[in-house]
Asker: 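First the structure, then my questions, so here it is.
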Amino acid sequence: MNPNEAAEARLASGAQGTLIFTTEAVDDTFARLRDAGVDVDQEPITQPYGVRDCGFRDPWGNHLRFSQLLG
């Protein structure tokens, strides 16, 4: 199995863990993904360390985080 196949197998099994993306407008991103039917893991929340973020799960159980730097 080549490295790409191995990574794809881990991703498909949910073993890849968490992917974190940045966005300019986390609330808008959240609304678009939720309305598209993506599985919500955490609604947007302002964190004490200066970001507003939210979470989803993909069909294989991987965590997808979207973060907006505040301020």
Side-chain angles (χ1 to χ4, degrees):
M1 179 180 300
N2 71 45
N4 287 337
E5 289 172 335
E8 288 174 11
R10 286 192 311 275
L11 185 61
S13 70
Q16 199 63 27
T18 302
L19 298 171
I20 301 172
F21 301 92
T22 59
T23 180
E24 295 290 321
V26 76
D27 292 285
D28 294 340
T29 300
F30 175 81
R32 281 195 313 273
L33 292 169
R34 179 201 58 213
D35 294 349
V38 180
D39 185 24
V40 175
D41 197 39
Q42 176 195 308
E43 293 192 12
I45 186 170
T46 300
Q47 302 289 358
Y49 43 85
V51 300
R52 183 161 175 80
D53 64 2
C54 63
F56 296 90
R57 286 189 185 267
D58 71 11
W60 301 275
N62 296 293
H63 297 275
L64 307 173
R65 309 271 322 150
F66 293 84
S67 296
Q68 174 185 350
L69 185 60
L70 299 176

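Residues take their numbers from the sequence shown, with the count starting at 1.
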Asker: How close do Gln42 and Phe30 get, counting heavy atoms only, and between which atoms?
Answerer: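 So the two residues come closest at O-CE1, 4.0 Å.
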Asker: Please list, chain by chain and in numerical order, all residues satisfying side chain to side chain contact (heavy atoms under 4.5 Å, CB included) with Glu24, sequence neighbours excluded.
Answerer: none
Asker: Kindly indicate whether the side chain of Asp53, heavy atoms from C-beta on, has any atom under 4.5 Å from the side chain of Ile45.
Answerer: yes
Asker: Side-chain contact, heavy-atom cut-off 4.5 Å: Ser67 with Ile20?
Answerer: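 Yes, at least one pair of side-chain atoms sits under 4.5 Å.
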Asker: Under a single-linkage definition using a 4.5 Å side-chain heavy-atom cutoff for Ile, Leu, Val, Met, Phe, Trp and Tyr, are Val38 and Phe66 assigned to the same hydrophobic cluster?
Answerer: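 As far as the 4.5 Å side-chain criterion goes, Phe66 and Val38 are connected within one cluster.
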Asker: Listed by chain and number, what are the salt bridge (charged side-chain N to carboxylate O under 4.0 Å, His left out) partners of Asp41, not counting sequence neighbours?
Answerer: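 Salt bridge (charged side-chain N to carboxylate O under 4.0 Å, His left out) check on Asp41 returns Arg57.
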Asker: Nearest 0.5 Å please: distance from the OG1 atom of Thr23 over to the CD atom of Gln68.
Answerer: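 Separation between the atoms: 6.5 Å.
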Asker: Taking all non-hydrogen atoms of both residues, which atom of Pro44 and which atom of Asp27 are closest, and how far apart?
Answerer: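 Nearest heavy atoms, Pro44 then Asp27: CB-OD1, 3.4 Å.
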Asker: Enter the distance from Phe56:CZ to His63:NE2 here, rounded to the nearest 0.5 Å.
Answerer: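 Separation between the atoms: 13.5 Å.
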Asker: Using side-chain heavy atoms (C-beta onward) and a distance below 4.5 Å, is Thr29 in contact with Phe21?
Answerer: no
Asker: Kindly give the heavy-atom pair with the smallest separation between Leu69 and Gly50, and that separation in Å.
Answerer: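 Heavy atoms only, the tightest pair is CD1-O, 3.6 Å.
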Asker: If I take atom CG from residue Asp28 and atom CG from residue Leu33, how far apart are they, to the nearest 0.5 angstrom?
Answerer: 11.0 Å
